[in-house]
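Everything on this sheet refers to the single structure shown next.
Order of appearance sets the numbers: ligands from 1, and atoms from 1 within every ligand.
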Amino acid sequence: MPHNPDSINHFGDMPPEEFHQHAESVIAWIRDYLARVSSPNLEQVPRVLPATEPGDVRKHIPQSPPMLGESVADILRDFENVIVPNTTLWNNPNFFAYFSITASSIGILAEFLIAALNNNSMVWKSGQAATELERTVLGWLAEAMGLPRDLWGMIFDTASLSTMQAIACAREEAGIEARERGLAGRGAEVPRMRVYASELVHSSIDKACITLGLGAENVVKIPVNERLQMQPKALEAAITRDRAAGYMPICVVGVVGTTSAGSSDDITALASICEREKIWLHVDAAWAGPAAMLEEWRDRFQGWERADSIVVNPHKWLFVPIDLSVLYCRKPNVLKQAFSLTPEYLKTTEDDVVENMMDYGIQLGRRFRSLKLWFVMRYFGVEGIKSRLREHIALAQLFAELVKQHPDFELTTPVEFALVCFRYKPESHAGASETTLERLNAELEERINAEGAIFLVHTKLHDVYTLRFAIGNLHTSEAHVRRAFERITGVATHVQ
Ligand SMILES: Cc1ncc(COP(=O)(O)O)c(C=O)c1O
């Protein structure tokens, strides 16, 4: 392989002119990729799920690093030939798995600039614009979602980290001096702390509790009602029972838009319980949060302004490229109390008059993520975002109608936001057991995904094996949804 002579003949980085030339090739590649995925000729859209087998990629990449630098042309060729064909294309209109997302073009442009500035907003002095833009743009987002504009927020990478920070706050508020004294070896002095969430809560809550030393078994899963909402009475009973047994309830996690079904807890009811019991309320709206911009969906969010903390992920349903998660918190002073720690080299003369974001979380280094949210919100505008969210919800309704009209399929839960839960229940298998239906649906899922033209995943709701169809990509249109349903029904005819 020809080496790149610049890598040893000169010090420093690629010359700007050469950068420009390669940037043009990269941008042309992105342009062509976006053109292909958004092509009205659906046959031209690349498959969303590759036929990659474990180990396939490693086979094509040398296990030792190159000793001499390689040419950009070679690197880009391998990107096209090895990486792209072996990558699940999340930025593809036929992606209906997990939660479908979009790296919008404006978000992609922002990512270029974020990388070019390579700013690290540990403290205000190391990232003045990043720190101040974060405050402003999170105010914009809060206002658009019907929350107070001055609600304090902070950007993290993922909801998992945002939620861990929130539960760390709850632990701090519990007043057991975990920060200074830790938890281990303190015997009866530290009661076992408990966190409550519905049985449909995302696994990130359990992981946060594992990380924070609370223990997975202290996440109490409260049963849900027929609308898949946490039962407030059961929550109250669990708290009372736990207090009597010597546990210390510290946090309740309510969800708006559960991962499995899109269902939402009754946040008002949870807020009243938490206020009475003096327990931290964290609302996980990681996926559905942006839908709070839509007046007709506001009822799902009612009461969330009373939560102590809220997580919303613009990288899920707000067209911002991965990753960007927002933690709103009504008590940033508690976050600061839990995490502020300033070694000498990070002290600055402005400390008394500015916000240093490192004070509010586990991370010191931070990417300039607010830039991409700013770009996205400016490019689409709140009205533009709302119309796109409404379109996704309408497409989900369309898919649900197709399911309802087909004799061999049924909805397993009411459609919430842009997520449809459904399953194959063929008339030919009338009266089939749940085990048989699970086998049929698992096989259907497997066969559809093996084709790779569309991608979807399953969940289990009350032990019922359920397929999920999630819409959230800006390139997804009615044609994609109709074609997806045709593929599903077509494949289903081969599943016995
Ligand atoms: C409701 C909900 N909360 C939290 C998460 C975790 O998100 P992240 O991948 O940003 O940690 C997800 C992921 O899909 C989710 O659906």
Side-chain angles (χ1 to χ4, degrees), residues 88 90 95-103 107 141 145 153-168 195-212 219 221-222 224 228-230 251-265 267 270 281-292 297 300-301 304 307 309-328 361-363 366-367 369 372-373 392 396 413 416-421 455-461 466 468-473:
T88 297
W90 286 66
F95 188 106
F96 303 109
Y98 314 114
F99 282 127
S100 172
I101 59 177
T102 311
L141 179 62
M145 295 189 303
M154 177 168 180
I155 297 177
F156 290 98
D157 54 359
T158 57
S160 302
L161 195 66
S162 296
T163 291
M164 193 200 78
Q165 298 273 155
I167 299 178
V195 173
Y196 304 82
S198 97
E199 51 190 308
L200 289 184
V201 81
H202 189 265
S203 53
S204 53
I205 313 308
D206 303 70
K207 283 206 178 178
C209 292
I210 292 168
T211 311
L212 291 167
V219 182
K221 300 286 166 67
I222 307 294
V224 293
L228 303 176
Q229 299 176 305
M230 190 195 310
C251 183
V252 172
V253 180
V255 187
V256 180
T258 57
T259 316
S260 281
S263 55
S264 301
D265 292 326
I267 303 297
L270 303 189
L281 174 61
H282 176 63
V283 171
D284 179 356
W287 167 59
W297 288 89
R300 306 295 194 284
F301 297 85
W304 74 331
S309 54
I310 297 173
V311 61
V312 174
N313 273 15
H315 79 222
K316 288 200 193 297
W317 204 13
L318 201 61
F319 323 133
V320 173
I322 285 177
D323 48 17
L324 198 163
S325 172
V326 178
L327 176 68
Y328 285 108
I362 182 77
Q363 278 181 270
R366 318 177 68 240
R367 300 183 69 222
R369 292 193 180 90
K372 52 184 171 175
L373 180 56
H392 293 164
T413 59
E416 282 290 308
F417 302 106
L419 175 65
V420 185
C421 294
F455 182 27
L456 44 80
V457 296
H458 76 275
T459 188
K460 274 194 178 177
L461 293 170
T466 292
R468 289 168 77 269
F469 193 84
I471 297 177
N473 186 272

* Asked: How would you list, by chain and number, every residue that makes a salt bridge (charged side-chain N to carboxylate O under 4.0 Å, His left out) with Arg369, sequence neighbours excluded?
  -> Asp323
* To do: With heavy atoms of His315 as the reference, note each atom of ligand 1 found under 4.0 Å away.
  => 10 (O)
* Asked: Which protein non-hydrogen atom lies closest to atom 6 (C) of ligand 1, naming both residue and atom, and how far is it?
  -> His202 CE1, 3.3 Å
* Please check if the side chain of Arg367 supplies one atom and the backbone of Asp157 the other of a donor-acceptor pair under 3.5 Å. => no
* Subset of ligand 1 atoms that lie under 4.0 Å from at least one heavy atom of Gly257 -> 1 (C)
* Asked: Can you list the residues that meet the side-chain hydrogen bond (donor to acceptor under 3.5 Å, both in side chains) rule with Thr459, with sequence neighbours excluded?
  -> Ser260
* Does the Gln165 side chain pair with the main chain of Ile362, one donor and one acceptor, at a distance under 3.5 Å? -> yes
* Structure fact -> Quick look: Thr163 vs ligand 1, heavy-atom contacts under 4.0 Å, and the answer is neither
* Among protein heavy atoms, which sits nearest to atom 8 (P) of ligand 1, and what does the distance come to when rounded to 0.1 Å? -> Ala159 N, 3.6 Å
* Structure fact -> Rounding to 0.5 Å, atoms CD1 (Ile322) and NE2 (His315) come to a distance of 5.0 Å
* **Part of Ala286 with heavy atoms under 4.0 Å of ligand 1, whether side chain, backbone, both or neither** => side chain
* To do: Before signing off on this row, confirm whether Ser160 and ligand 1 have an N or O atom pair separated by under 3.5 Å.
  => yes
* To do: Do me a favour and list the nearest non-hydrogen protein atom to atom 9 (O) of ligand 1 with residue, atom name and distance?
  => Lys316 NZ, 3.9 Å
* Heavy-atom contact under 4.0 Å between Phe99 and ligand 1? -> yes
* So which bit of Asp284 gets within less than 4.0 Å of ligand 1, heavy atoms only: side chain, backbone, both or neither? -> side chain
* Sub-4.0 Å atoms of ligand 1 with respect to non-hydrogen atoms of Thr259 -> 1 (C), 2 (C), 15 (C), 16 (O)
* **Flag if over 12 foreign heavy atoms under 6.0 Å of NZ, Lys207** => no
* Asked: Does the separation of the ring centres of Trp297 and Phe417 fall below 6.0 angstrom?
  -> yes
* Structure fact -> ligand 1 atoms nearer than 4.0 angstrom to some heavy atom of Ser204 are 4 (C)
* Among side-chain atoms of Ser204 and Thr163, is any donor-acceptor pair under 3.5 angstrom? -> no
